[in-house]
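Here is the naming used below: chain letters follow the sequence lines, and residue numbers restart at 1 for every chain. Keep in mind it's a predicted model, so treat the numbers as computed, not measured. Heavy atoms only: backbone and side chains are in, while hydrogens, waters and symmetry mates are out.
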Number of protein chains: 2
Amino acid sequence: MPRATLHQRHDSLERALQLFWRKGFHATSLKDLERALDMRPGSIYATFGSKDRLFQEALERYARLALAELERTLNAHDSPLTGLAAYLRRLGGLCDQELPNRACMLVKSLLELGEREQAAWRKAEELLAGMEKRFIDRFSAAQQVGELDSRLDPSRLGRRLQAEVIGLRAFAQRDVDSAVVHDLAEDMALSLEALRIDAVSFSQ
Amino acid sequence: MPRATLHQRHDSLERALQLFWRKGFHATSLKDLERALDMRPGSIYATFGSKDRLFQEALERYARLALAELERTLNAHDSPLTGLAAYLRRLGGLCDQELPNRACMLVKSLLELGEREQAAWRKAEELLAGMEKRFIDRFSAAQQVGELDSRLDPSRLGRRLQAEVIGLRAFAQRDVDSAVVHDLAEDMALSLEALRIDAVSFSQ
DNA sequence: GATAAAATTGAGCGATCGCTCAAATTGTTG
DNA sequence: CAACAATTTGAGCGATCGCTCAATTTTATC
């Protein structure tokens, strides 16, 4: 019955992801994981190898899901710039959803992990680079479609957007009203849309 | 000899700050602190109470120094907007300095700490609110000086700037070239200066 | 230099950490 | 059902965690 086994593995990984995302790597103990996965230490180690490797698998799953959602939002809009703006506005609803954490798990890991957890740190860095690449691609596409000044640098715009997303989500982790986060996301989205080549330019 | 004692306390706190900033709260053990402060556990507890309270004192010291540096940069410029832009450009040099960490310690703490460290979490939140307030004040000042459209909301601009700073510094924690961070900061600074009411508007 | 007060020491506490492995259980065959 | 393989169990390992406190050393005062 490999189906059931695989399903169980996915389910366990999802639970581990939720826990790691919420509490971070260091604050999540194996006792916590045993409880969340309803598995005894031996099974956890037989299935995932170590706490470190389980965390890395959780990171990969997180990034895969996050990238898929980004893709879904982008594909829902013909215009690349509109798609990216829609992604920002979607993040504006962070406080309304029930998530383990409003901040990006990759960023949490990037900031929390040190040299002792080098492998996991590199994984987070690599996955963030993948997100950045996706942003850059969209800005390049926007240029090819003619909605973005061809003299602008898609790489700089992509990294700027990633920094905005990181900032928005980390800011949302603060003790602030949901409306404030919505407004912040809206302001970011408007700035992005102001790049549209034929757009009427407003100050904000 | 209260002078020497106080000086020693400041020095110890500074060392603790460096360590906590670099490694985070959970990854910093008391053994690490004993080594860094050259103090035995008893002395540490007699002086600072607990690991948690020592961390909170380090947070406060960090915020005080960070606010002082912000103030210094702002005061070096007559124009509020120019001062804020200069602060962003200053952060662009993050990778060139030798710091315990490129990310803001308050943000690292905000993302790392959970309900078990509620007091420290609230401290970080409170100190971040102080930084936000300072940004908002400057945007208000910019309006009063007449270099910023009075219809814009200083609170939204201040929070947006804080999100940018958070994003810039967290992004700088990635494995990227120094030049990339400089460019990112420059782009953010240009966007901010583009708010100037009499500025000639460029796309980037 | 004697004495009291203050500060520092460091062995070691109980708890928890990540993790192992012999034993028990479960699942798969003929 | 017997026999074997695959999986899970959970007691408990050595290490480390944050922290305490009796003993010691240092400092301040006369």
Expressed in angstrom and rounded to an integer, what is the separation of L54(B) atom CG from dC19(D) atom P? 10 Å
L37(B) CG - dT8(C) C1' separation (whole Å): 14 Å
Which of the following nucleotides, dC19(C), dC17(C), dC17(D), is nearest to the side chain of P41(A)? dC19(C)
Please report the closest heavy-atom contact between L168(B) and L88(B), naming both atoms and the distance. CD2-O, 4.1 Å
Does Q56(A) reach the main-chain N or O of K123(A) with its side chain, forming a donor-acceptor pair under 3.5 Å? no
Closest approach to the side chain of K31(A), judged atom by atom: which nucleotide of dC17(C), dG10(C), dT20(C) is it? dC17(C)
Listed nucleotide nearest any side-chain atom of Y45(A), set dT20(C), dC17(C), dC19(D): dT20(C)
Using the side-chain heavy atoms of A46(A), tell me which of these nucleotides is nearest: dG18(C), dT8(D), dG18(D). dT8(D)
E34(B) has an atom CD; how far is it from atom C1' of dT8(C), in whole Å? 12 Å
Would you say the side chain of D177(A) lies within less than 4.5 Å of the side chain of V180(A), judging by non-hydrogen atoms? yes
Closest to the side chain of R40(B), out of dC19(D), dT9(C), dT8(D), is dT9(C)
H7(B) atom NE2 is separated from dA7(C) atom P, nearest whole Å, by 18 Å
Given atom CG of L30(B) and atom C1' of dA15(D), what is their separation to the nearest angstrom? 16 Å
Of the nucleotides dT8(C), dG10(D), dG18(C), which has the atom closest to the Q8(B) side chain? dT8(C)
Contacts of H26(B) and S43(B) projected onto DNA chain D by closest heavy atom; the upstream (5') one is H26(B)
Close side-chain approach of F135(A) to L157(A), heavy-atom, < 4.5 Å: no
